[in-house]
Amino acid sequence: MSDKQHLYLVDGSAYIFRAYHRLPPLTNPEGTPVGAVYGYTTMLWKLAEDLDKADGPTHLAVVLDKSGKSFRNEIYPEYKANRPPAPEDLVPQFPLIRDATRAFSLPLIEEPDVEADDMIATYARAAQRQGWDVTIVSSDKDLMQLVGEVDGARIDMLDTMKSNRIYIPEVEEKFGVAPELVGDVLALMGDSVDNIPGIFGVGPKTASKLIAEHGNLTAALDSAGEMKTSKLKERLLEHRADAELSRVLVTLKEDCDLPMPLEEFKLDGVPPEPLAAFLETHGFNSLLKRLGAGTGSPERANNLNPAKAERAGAEASPDGNVQDLPEWPAVDRSAYECVQTMERLEHWIERAFAARLVAVDTETSSLDAMQADLVGFSLGLGPNDACYVPLGHFSGAGGSDDMFAEKPQQVDREAAIAVLKPLLESDAVIKVGQNIKYDLNVLARCGIEVAPVHDTMVISFDMDAGRSEDGIGGGHGMDELAARHLGHTCMKFKDVCGTGKKAISFGEVPLDKATQYAAEDADVTWRLYQVLHRRLPLDGATQVYERVDRPLIPVVAGMEREGIKVDRAALSRLSEQFAETTARIEGEIHEEAGEQFTIGSPKQLGEVLFEKMGYKGGKKGKSGQYSTDQSVLERLAIEGATIANKVLEYRQLSKLKSTYTDALQEAINPDTGRVHTSYSLVGAQTGRLSSTDPNLQNIPIRTEIGREIRKAFVPEEGNVLLAADYSQIELRLAAHMADVPELREAFANGEDIHARTAREMYGEVDRDTRAKAKTINFAILYGISRWGLAGRLGIESDEAQELIDTYFKRFPGIQSYIHATLESVRSKGYSETLFGRKTWFPRINSKNQAERQGSERAAINAPIQGTSADIIKRAMARMKPALADAGLGHVRMLLQVHDELVFELPEGDVAAASPVIEKVMAEAAEPAVTLSVPLGVEIGTGESWDAAH
DNA sequence: CAGGTCACG
DNA sequence: GACGTACGTGACCTGC
């Protein structure tokens with residue numbers, strides 16, 4: 001046996017985070033949480049036991065991070081800037097970790113302003129130079145750079161949680177390159193935990209491939225020039241500097257000052273007294289017993305550690321620790337538990353309380369949260385650590401209420417809700433959902449007010465709106481997110497419930513299958529949260545998520561539950577009236593055409609108009625079909641085609657009937673008697689909400705007949721509807737953002753903005769010039785083109801160009817705003833609102849002109865439309881507390897229509913509520929943003945939505 | 001399921 | 001030289 005020295009360096013800080021996540025929340029006799037300490041202690045115990053083995057330590061030291069800044073912060077202030085604070089029941093364990101180390105009489109290295117990794121690297125190299133072998137007790141990927149041999153002295157790593165050694169082959173397997181190139185791979189990948197940028201969109205796979213192919217980082221970056229056009233190429237070229245900075249950040253500092261010479265790390269056995277005292281203090285009785293016996297294997301010894309938790313910990317992921325995210329075990333649907341007894345349910349709920357963060361998903365009988373019955377719910381606590389709790393499953397025909405239906409063993413519904421409620425309402429436990437607004441509504445209808453919440457869908461939207469990965473798509477649905485971020489394919493709902501006529505409700509799904517599907521959702525949601533949430537600060541999206549969108553989730557859920565009353569009888573009368581009129585017009589059209597045909601078919605209509613009847617008109621689009629839209633028909637009408645006017649009227653009425661008067665009656669909820677829309681928080685790339693089932697954001701208003709439909713939206717007896725509109729908010733924002741003094745001044749003075757524009761452009765204001773100015777103003781907001789403006793104004797395109805030139809000359813701020821916005825979007829890939837909301841434009845540099853120009857127009861509009869959306873969202877989030885403060889807690893906010901909020905309130909409260917609503921809306925940008933224009937708010941009230949305008 | 005059309009901001 | 005021609009949505013209808 002050689003007398004070769006072998007130094008063990010324990011990465012204590014990394015270990016305790018992992019132990020914290022892995023182990024159950026034990027407490028010592030004093031009530032201090034000690035779960036992580038216990039894990040740490042058993043780990044040291046195990047190392048100490050190896051003392052006499054061949055490969056065991058002759059020297060050992062524990063290295064801890066001490067708070068402070070390292071050299072990395074000097075070159076990159078954002079380094080580790082997004083680290084969340086340590087969980088509050090881990091904080092008191094840090095000093096205990098030191099106590100534990102001292103109890104083992106082990107040297108402890110803890111230097112201010114030096115990171116543990118650098119200290120470990122320095123000691124490891126120093127020992128290696130002396131010909132010692134070194135084992136680094138850690139699984140930190142950054143440290144893998146050190147692995148290897150110099151002159152017969154080896155550095156390897158030991159992951160005690162997985163009990164495996166990491167040497168060159170293991171590193172090569174993980175990174176696809178030799179250890180000395182690991183830093184280059186890391187530089188490309190980046191690290192969201194430490195806030196190391198890397199190259200966005202380049203993950204471990206691409207990074208190792210590039211480095212393996214080109215040999216090093218510089219060569220890999222240089223190769224981008226020769227690559228075929230691709231996302232990757234763009235990213236490599238654009239973010240080269242980030243990668244180079246990252247390379248410096250991931251490089252370990254190997255020449256720190258050594259606070260203690262290596263020789264002092266010599267192990268001389270563990271004196272039993274201090275250790276015994278420590279074990280006793282914290283109630284680690286089984287270890288204490290082993291110590292008394294002088295032998296034994298600490299890893300089996302625990303009376304603190306419930307057997308189940310031990311098992312779960314050992315099988316489950318390393319943990320929720322970030323460095324190990326890619327090491328999660330694959331989704332294993334057989335690992336999920338179907339909870340069928342109260343005892344097991346209480347166990348899960350206890351564990352969820354301890355975990356402080358739980359993924360929640362409800363399974364129901366309907367996609368409509370306001371009609372859905374709760375069929376079951378799932379909880380997720382970690383990778384493959386998830387359960388499904390069936391509540392309303394049944395088999396056989398008749399439905400869950402059928403007394404003949406067979407029901408599997410399930411927890412009693414009311415009892416389950418009773419134990420679930422404290423968990424879901426606890427301030428101390430974060431509930432994570434994918435589109436959790438849905439679950440909020442379902443559960444609110446069960447009497448549970450879920451809070452606080454996170455939503456993986458919204459987090460994704462706030463970082464990645466508009467982004468589309470090649471081939472995968474850019475949506476924010478769970479299946480897509482799982483594919484994109486976890487490389488996992490989710491079980492499809494239709495594989496569980498079938499599709500079309502054969503579809504069954506989730507309650508009919510057998511429990512084993514239901515458990516696989518439902519618990520997987522919770523598992524995947526938990527994983528997505530881990531991956532996405534920590535990216536928020538890195539992507540600069542924390543502000544928008546925390547200050548705009550996250551607070552909005554419960555607010556919008558509440559609005560959906562409120563719904564709005566519609567006058568069914570009035571809608572019904574309109575439907576009848578529209579039916580009669582369309583029938584009459586249909587006859588007239590057929591007569592004029594000389595044949596029966598389907599007027600609602602653009603194909604048939606086009607053929608009748610342009611072939612049979614011989615009107616002139618062009619083909620359009622790839623389909624080769626005649627266009628028969630409004631503008632075409634209006635042109636024909638001017639040319640004397642009476643049939644065109646009839647078709648227009650027919651179209652208008654059949655649209656109003658099918659989309660509104662018929663559909664809205666159908667949409668009345670039988671339980672509440674009101675119409676409940678569903679808002680999508682991720683529907684519009686710009687950050688606007690969208691409304692579906694039914695869409696209450698496109699209720700007619702522009703025509704007299706259309707307004708009849710608005711009249712059917714009414715308050716309850718004794719109440720009124722109040723509509724509060726931002727006036728010209730997008731133009732105001734344009735005036736602010738583009739810094740146009742004339743327009744700012746006009747808004748400040750309360751002038752008619754289109755008239756002011758007309759005065760600036762034409763020198764005089766009349767009906768005609770004001771109308772033109774109005775068109776031009778809107779054209780600006782939407783990204784102008786000479787042809788587009790020409791089409792709208794009915795002028796030639798060179799004349800339109802002159803108008804545009806005049807506009808830019810009068811308002812040079814607008815031109816430079818557009819220029820600067822486009823330049824920024826071209827280089828960064830995204831636009832930004834005043835509140836930091838990003839919208840990505842992946843086609844902004846497309847070679848396809850139409851594609852590129854389309855992106856350019858959208859990119860000009862997005863900051864303005866998006867800022868407006870941010871502002872009204874902030875107003876919405878503040879509205880309820882502001883009203884409550886004014887003693888108006890009963891005022892109900894019902895609808896949002898982009899620049900308008902609709903409320904229902906007792907008539908007598910209008911005078912008190914109006915100024916509160918106006919103030920909240922007018923001041924909604926503050927204090928985050930101070931606008932140079934006032935935000936005007938117009939308020940109206942009435943006995944219908946129409947009357948409130 | 002895509003395309004055309006049209007309702008809204 | 002052709003491309004399409006104002007931004008953002010959702011619902012309904014027809015016809016493949």
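So you know, we letter chains A, B, ... as the sequences are listed, proteins then strands, and number each from 1.
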*Taking atom types as modelled, find out whether A:N777 and A:H754 have a side-chain donor-acceptor pair closer than 3.5 angstrom.*
yes
*Could you tell me whether the side chain of A:Q853 has a donor or acceptor atom within less than 3.5 Å of a complementary atom in the base of C:dG4?*
yes
_Spacing between A:E649 atom CD and B:dC6 atom C1', to the nearest angstrom_ = 16 Å
*asked:* Please classify the nucleic acid contact of A:G600 as base, sugar-phosphate, or nothing, using heavy-atom distances under 4.0 Å.
replied: sugar-phosphate
*Looking for any heavy atom pair under 4.0 Å, which part of the strands does A:S691 touch: base, sugar-phosphate only, or nothing?*
sugar-phosphate
*May I ask you to say what A:S785 touches in the nucleic acid, namely base, sugar-phosphate or nothing, with a heavy-atom cut-off under 4.0 Å?*
base
*asked:* Need the pair for C:dA2. Rule: Watson-Crick or G-U wobble, both distances under 3.5 Å, any strand; none if unpaired.
replied: none
*Does A:D455 use its side chain to pair, donor to acceptor, with the backbone of A:N435 at less than 3.5 Å?*
yes
*asked:* Just the rounded figure in Å: distance from C1' of B:dG4 to OH of A:Y650.
replied: 15 Å
*Which of the following nucleotides, B:dG9, C:dC12, C:dG8, is nearest to the side chain of A:A684?*
C:dG8
*Quote, to the nearest angstrom, the C1' distance that separates B:dA7 from C:dA2.*
33 Å
*Which atom names give the shortest non-hydrogen contact between A:A925 and A:F835, and what distance separates them?*
O-CE2, 3.5 Å
*Does a side-chain N-to-carboxylate-O contact under 4.0 Å join A:E560 and A:K437?*
yes
*Nearest of B:dG9, B:dA7, C:dA11 to any side-chain atom of A:T692?*
C:dA11
*Is a side-chain donor or acceptor of A:R756 paired with a backbone partner of A:L743 at a separation under 3.5 angstrom?*
no
_Spacing of A:D693 atom CG relative to C:dT9 atom C1', expressed in whole Å_ = 14 Å
*asked:* Checking contacts here: which listed nucleotide (C:dG15, B:dG4, C:dT9) is nearest the side-chain heavy atoms of A:Q625?
replied: B:dG4
*Using the P atoms only, state how far C:dT5 lies from B:dC6, rounded to an integer number of Å.*
15 Å
*For A:L793 and C:dT5, what is the distance between atoms CG and C1' respectively, to the nearest whole Å?*
14 Å
*Which base sits across from C:dT14 as a Watson-Crick or G-U pair, both distances under 3.5 Å?*
B:dA2
_So A:E900, base contact, sugar-phosphate only, or nothing? Heavy-atom distance under 4.0 Å._
nothing
*Donor on one side chain, acceptor on other, A:Y650 and A:E588, under 3.5 Å*: no
_Of the options B:dG4, C:dG8, C:dG10, whose atoms approach the side-chain atoms of A:S690 most closely?_
C:dG10
*Taking only the side-chain nitrogens and oxygens of A:S627, find out if one of them lies under 4.0 Å from OP1 or OP2 of B:dT5.*
yes
_Heavy atoms only, 4.0 Å cut-off, all strands: where does A:T775 land among base, sugar-phosphate and nothing?_
base
_Counting the atoms with a prime plus P, OP1 and OP2 as sugar-phosphate, which does A:N848 contact under 4.0 Å by heavy atoms, base, sugar-phosphate, or nothing?_
nothing
*B:dC8, C:dG15, C:dG8: which one has an atom nearest the side-chain heavy atoms of A:T686?*
C:dG8
*At under 4.0 Å, does any side-chain N or O of A:T628 touch on OP1 or OP2 of B:dT5?*
yes
*Between A:D629 (CG) and B:dA7 (C1'), how many Å, whole number?*
14 Å
*Is A:I784 touching bases, backbone alone, or none of the nucleic acid, heavy atoms closer than 4.0 Å?*
nothing
*Is the base of C:dC3 touched by the side chain of A:Q849 through a donor-acceptor pair closer than 3.5 angstrom?*
yes
*Take A:R874 and A:D870 through the salt bridge (Lys or Arg N to Asp or Glu O under 4.0 Å) test and state the conclusion after the steps.*
CA-CA 6 Å; A:R874 288 165 62 94; A:D870 291 342; over 6 Å; no
*Just how far, in rounded Å, is C1' of C:dT14 from CG of A:L605?*
12 Å
_Testing the 3.5 Å rule here: is there a donor-acceptor pair between the side chains of A:N441 and A:R561?_
yes
*Have a look at A:I701 and say if it touches a base, only the backbone sugar-phosphate, or nothing, with a 4.0 Å heavy-atom cut-off.*
sugar-phosphate
*Look only at the side chain of A:R843 and the backbone of A:E851, and say whether a donor-acceptor pair between them is shorter than 3.5 Å.*
no
*Protein-nucleotide distance (A:N695, atom CG; B:dC6, atom P), rounded to Å*: 17 Å
*A:A663 side chain: which of C:dT9, C:dC12, B:dA7 is closest?*
C:dC12
*Inspect the surroundings of NZ in A:K612 and state if more than 12 heavy atoms from other residues, nucleotides or ligands are less than 6.0 Å away.*
yes
*Between C:dG15 and A:S601, is there an OP1 or OP2 to side-chain N/O distance shorter than 4.0 Å?*
yes
*Counting any heavy atom closer than 4.0 Å, what does A:A850 reach on the DNA or RNA strands: base, sugar-phosphate only, or nothing?*
nothing
_Looking at A:R651, I'd like to know whether one of its side-chain N or O atoms comes within less than 4.0 Å of OP1 or OP2 on B:dC6._
yes
*Is there a residue in residues 854-871 of chain A whose heavy atoms reach under 4.0 Å of DNA chain C, and which residues are they?*
A:R857, A:A858, A:N861, A:Q865
*Give a yes/no on whether any side-chain N or O of A:R688 is located under 4.0 angstrom from OP1 or OP2 of B:dC8.*
no
*Checking all strands, does A:S680 fall into the base, sugar-phosphate, or nothing category for heavy-atom contacts under 4.0 angstrom?*
nothing
*How many Å lie between CZ on A:F778 and C1' on B:dC8, as a whole number?*
13 Å
